[in-house]
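Below: the structure, in structure tokens.
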Amino acid sequence: MSNPATPPRSLAEALRARDDASLALLLRARPDLITPVPTDLTQLATRAGTRASVLRALERLDRFTLQTAEALAVAGDPASYGELQRLMAGDAGDPAVAAALPHALGALRDQALVWGDDERLRLVRTAREVLAPSPQHPSPTGLGPTVREATTGMSPGRIQEILTAAGLPSTHDPVSAVDKLTGLFGNRRKMARLLAAGPAESLEVLNRLVWGPPYGQVTHEPAAHLRWLLDRGLLLPTAPGTVVLPREVALHLREGRAHREPEPVPPAVEPAATHRPAVVDATAAGQAYTALATVEELLKDWDEGGPAVLRAGGLSVRDLKRTAVALDVPEPVAAFWVELAYAAGLLASDGEADERYAATPAYDEWLDRPPAERWSQLAEAWLTATRSSGLVGGRDAKDRALSALGPGLDRSAAPEVRHRVLALLAGLPEGAAPAAESVLARLRWERPLRGPRQQGEDLRTRLARWVLSEAEMLGVTGRGALSAHGRALLGAPPVPKTAEPAAEGPGDKLPVHHHRAVPSLSSLATLEPLSPPEQAVATAHAGRLLAPLLPEPLDHVLLQADLTAVAPGPLRRPLADALGVLADVESKGGATVYRFTPASVRRALDAGRTATDLHAFLAAHSRTPVPQPLAYLVDDVARRHGHLRVGAASAYVRCDDDTVLGEILADKRAAALRLRRLAPTVLATQADPATLLEGLRAMGYAPAAESAEGDVLITRADAHRTPPRSAPEPVPDGPPPPDSTLLAAAIRAIRAGDLAATTPRKSTGTSVQGGELPRTTAAETLATMQAAVLTGGTLWIGYVNAEGTASQRVVAPIRVEGGFVTAYDHTADEVRTYPLHRVTGVAELAEE
């Protein structure tokens with residue numbers, strides 16, 4: 001066993017010195033390390049150093065912590081804390097950097113990216129390979145190779161020439177010559193004297209290279225000012241025609257700093273305007289109700305079967321345009337509502353041969369719930385979904401168009417970005433709406449981009465922009481500020497009330513300096529995403545806060561003489577459904593205007609209503625008397641409704657008045673129907689009944705369909721539903737964070753496995769290499785087991801299970817009988833029984 005006071009010699013030893021709380025912190029931050037659970041701490045350390053795991057961990061660092069790792073990658077290996085601080089704070093020392101550096105270094109240690117004490121800090125090898133400068137992958141710091149790395153392969157004579165030109169005495173070997181040159185470049189006073197003697201053009205070249213990239217091109221015969229730099233090693237050749245600025249020279253010119261602009265403090269999220277909380281909540285509630293109405297209108301439009309599913313999946317561009325027109329919204333907004341209904345499980349494909357989109361059975365259950373509960377379901381689906389409607393209309397990696405409801409819209413970072421944006425809004429004073437750019441700047445600091453920036457904005461920035469607009473449309477925010485029910489949806493505590501008043505209306509905006517109290521990063525970090533059970537509780541609470549703010553449905557309309565009806569607010573469902581059949585929606589908003597037309601009245605009659613029913617319905621639900629023009633319209637359409645009868649011949653028309661049939665035959669508009677008279681009161685055609693009905697209605701008639709028995713067919717809109725469908729599962733961004741129970745079990749298993757792998761054993765006379773199973777005869781194994789039962793000792797055994805998997809275990813035998821040993825297994829932390837014939841060997845543990 002290693003002495004705890006001895007500095008660790010490897011990452012495995014550093015992990016072995018950690019307590020359980022520290023290991024839990026590591027596994028929670030990097031859940032990929034326990035998928036599956038490692039057998040011991042050595043395997044955990046190996047897994048923590050793999051390239052995929054290290055890259056994932058680096059991508060989750062904030063900007064300053066990543067800058068700290070980048071500085072360690074260009075420092076010595078190992079580096080002292082003092083050297084790291086000089087690289088981060090510079091020769092002059094930046095107090096803000098010095099104050100933030102311990103926290104950043106602690107974060108790197110917690111995530112096992114750095115190990116060792118403050119005198120011997122080591123960046124894990126894979127992280128150093130990723131972040132260290134190379135010609136193929138320039139360092140994010142802009143620094144180049146060291147003098148030693150750049151002079152590798154240079155002839156000893158050339159190195160001595162550089163020493164002489166730099167004013168240094170020659171040495172007997174190239175190693176000491178490189179050391180002297182490195183010492184010169186690292187000495188601030190001597191370097192200042194050397195550069196002061198150089199031409200101004202030479203110093204200008206150095207200034208152009210100092211912050212990177214450090215490589216430049218020279219001709220075969222360089223100019224005099226370049227030759228001056230090459231002769232003194234201030235520029236070193238790396239390839240024919242290519243030179244590099246050595247790292248030590250760059251650090252002198254930078255005054256010791258690895259980064260041009262260290263960012264130890266996250267940028268604050270600045271409020272752009274402040275509104276009264278009551279106004280924010282009321283505005284958000286209005287948007288929430290509009291969201292419910294929009295989703296309901298969308299699915300009602302698709303009630304009898306929606307658009308066809310493309311062969312590659314998704315909604316066609318034409319169908320999305322039609323949906324946008326029907327909802328009276330732009331196409332990107334229509335895509336958002338379609339995707340939201342899909343994420344909530346209210347919409348899916350029906351799976352038929354002629355596959356179409358339709359509402360699911362869950363939609364009918366959703367309609368029966370109170371409005372606040374319906375909104376809660378939509379809001380929770382939006383918060384946790386990985387599908388991003390903002391991608392619709394773009395192209396994927398294979399240059400294929402991305403369509404609404406189609407594949408390729410999942411982005412695993414979407415839920416985290418939504419939660420983080422709302423958390424930043426929750427950190428502002430109540431009623432404060434943030435400046436969008438300050439939110440984006442904060443997110444870029446928390447998850448900086450690595451590698452070359454692509455054209456346009458990165459995905460996280462685009463996701464954040466979409467979150468701000470989608471939260472407003474959904475009613476999570478109002479006027480850009482987080483509402484009370486939006487805060488509850490996030491699981492954030494309510495903001496304490498302040499005595500400072502806020503204005504309303506045009507003077508609603510307050511000066512920004514009135515609300516500069518932005519919560520610290522540490523306080524915001526505690527607002528973590530909720531587990532599914534916790535999210536369900538938070539969502540229910542948000543619904544309860546929203547419920548009193550939603551308008552009460554009305555049971556009446558205002559009929560007007562211009563054949564319109566005005567609904568001054570939301571209508572109760574039976575009234576809204578009936579009125580939607582009897583009239584057409586003309587305009588929407590705070591009040592909905594319905595218009596009665598002959599076609600809409602005929603639609604109600606086709607659905608089985610009589611003129612008497614319609615008169616009674618209008619009188620019962622109007623706060624104003626039924627206007628005479630509307631009553632005449634209903635009676636006129638009802639009088640002509642069903643005068644003509646259409647059936648299947650392919651189709652026929654019959655009418656007791658042969659004069660009417662004669663008018664139809666004489667009408668040029670009937671030519672396409674190709675009607676012919678079978679009898680004085682019957683016309684027949686090859687067209688199907690539906691086509692014949694539509695053609696006659698277009699000519700101004702009001703025919704009624706009839707059955708084979710001659711009865712009038714009532715045409716109700718039969719709702720088309722898919723089979724039961726579940727909401728789409730989010731695509732996770734790697735393994736999910738482990739809960740406390742899993743963490744405790746994993747740490748216990750890792751500790752037990754490490755005990756089995758590292759506990760000293762008594763010599764058995766046979767050499768056992770590390771990782772090999774102990775080997776003893778069956779008689780020796782049995783005798784040692786029986787002796788351990790009597791003495792209560794602990795043994796190290798090798799065991800092969802029924803699947804042939806070998807493992808090492810530390811056990812305390814309790815009973816040996818019938819070819820089996822019952823023992824307390826320290827590795828599994830439980831009592832188990834093992835067949836003796838599967839034990840490869842046994843060894844006693846050495847006393848501590």
Side-chain angles (χ1 to χ4, degrees), residues 67 70-98 101 118-119 121 133 139 141-151 154 156 158-212 214 216 224-237 243-262:
Q67 286 180 331
E70 291 165 353
L72 276 172
V74 296
D77 188 24
S80 66
Y81 183 82
E83 180 183 357
L84 174 62
Q85 184 169 353
R86 285 191 297 275
L87 283 171
M88 292 298 294
D91 294 340
D94 185 334
V97 171
L101 188 58
D118 284 353
E119 296 303 317
L121 295 173
S139 168
T141 62
L143 292 170
T146 63
V147 172
R148 183 172 300 281
E149 293 167 345
T151 55
M154 185 178 289
R158 176 58 185 152
I159 296 177
Q160 297 297 333
E161 290 175 2
I162 291 175
L163 281 184
T164 302
L168 297 174
S170 60
T171 64
H172 299 289
D173 61 275
V175 175
S176 59
V178 170
D179 289 340
K180 279 187 172 294
L181 192 61
T182 301
L184 169 64
F185 292 162
N187 188 302
R188 299 287 188 264
R189 184 172 51 82
K190 292 181 179 179
M191 271 294 286
R193 282 205 307 267
L194 176 63
L195 294 175
E201 296 90 343
S202 301
L203 300 182
E204 173 133 5
V205 171
L206 295 180
N207 288 333
R208 286 201 302 268
L209 298 177
V210 64
W211 292 109
H225 65 281
L226 294 176
R227 172 56 62 190
W228 188 88
L229 296 172
L230 290 167
D231 288 345
R232 288 154 182 79
L234 297 172
L235 290 181
L236 292 172
V243 294
V244 67
L245 180 68
R247 187 182 306 171
E248 293 85 353
V249 177
L251 286 174
H252 171 80
L253 297 172
R254 296 180 178 194
E255 297 180 345
R257 285 182 292 148
H259 299 279
R260 173 178 281 186
E261 296 179 356

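Quick caveat, the model's predicted, so the values are computed rather than measured.
- Minimum interatomic distance between L72 and A79 (heavy atoms only, all atoms of both residues): CD2-CB, 4.2 Å.
- Legend: side-chain hydrogen bond (donor to acceptor under 3.5 Å, both in side chains) pairs involving residues 184-203, not counting sequence neighbours, sorted by first then second residue: D91-R188.
- For the side chain to side chain donor-acceptor pair (under 3.5 Å) test, residues two or more places apart in sequence or in another chain that qualify with R158 are E161.
- In terms of heavy atoms, V244 sits closest to A150 at CG1-CB, 4.3 Å.
- Sorted by first and then second residue, the pairs that involve residues 168-177 and meet side-chain hydrogen bond (donor to acceptor under 3.5 Å, both in side chains), not counting sequence neighbours, are Q160-T171, T171-S176, D173-S176.
- Using a 4.5 Å heavy-atom threshold, the side chains of L209 and V243 count as separate.
- Side chain of Q67 to backbone of H259: no donor-acceptor contact under 3.5 angstrom is found.
- The shortest non-hydrogen separation linking G76 to E83 is N-OE2, 3.1 Å.
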Can I get a per-line list of side-chain donor-acceptor pairs under 3.5 Å for residues 226-236, giving both atom names and the distance, sequence neighbours left out?
| residue | atom | partner | partner atom | Å |
| --- | --- | --- | --- | --- |
| R232 | NH1 | W228 | O | 3.2 |

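- For the side chain to side chain contact (heavy atoms under 4.5 Å, CB included) with V147, the qualifying choice from V178, V249, I159 is V178, the only one to do so.
- Under the side chain to side chain donor-acceptor pair (under 3.5 Å) criterion, D77 pairs with R122, sequence neighbours left out.
- At least one side-chain heavy atom of L251 sits less than 4.5 Å from a side-chain heavy atom of L87.
- Judged as a salt bridge (Lys or Arg N to Asp or Glu O under 4.0 Å), the pairs with a partner in residues 244-261 (not counting sequence neighbours) are, in order, E149-R247.
- P237 meets the side chain to side chain contact (heavy atoms under 4.5 Å, CB included) test with M154; sequence neighbours excluded.
- How far CG of L184 is from CG of L168: 5.0 Å, rounded to the nearest 0.5 Å.
- In this structure T164 satisfies the side chain to side chain contact (heavy atoms under 4.5 Å, CB included) test with no other residue, sequence neighbours excluded.
- Scanning for side chain to side chain donor-acceptor pair (under 3.5 Å) contacts around T141 gives S139, with sequence neighbours left out.
- Considering every non-hydrogen atom in both V97 and P262, the closest pair reads CG2-CB, 3.8 Å.
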Verdict with reasoning, L203 to H225, per side-chain contact (heavy atoms from CB on, under 4.5 Å): CA-CA 9 Å; L203 300 182; H225 65 281; over 6 Å; no
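- Atom-to-atom distance recorded for D94:CG and M88:CE is 9.5 Å, nearest 0.5 angstrom.
- In terms of heavy atoms, Q85 sits closest to A98 at NE2-CB, 3.5 Å.
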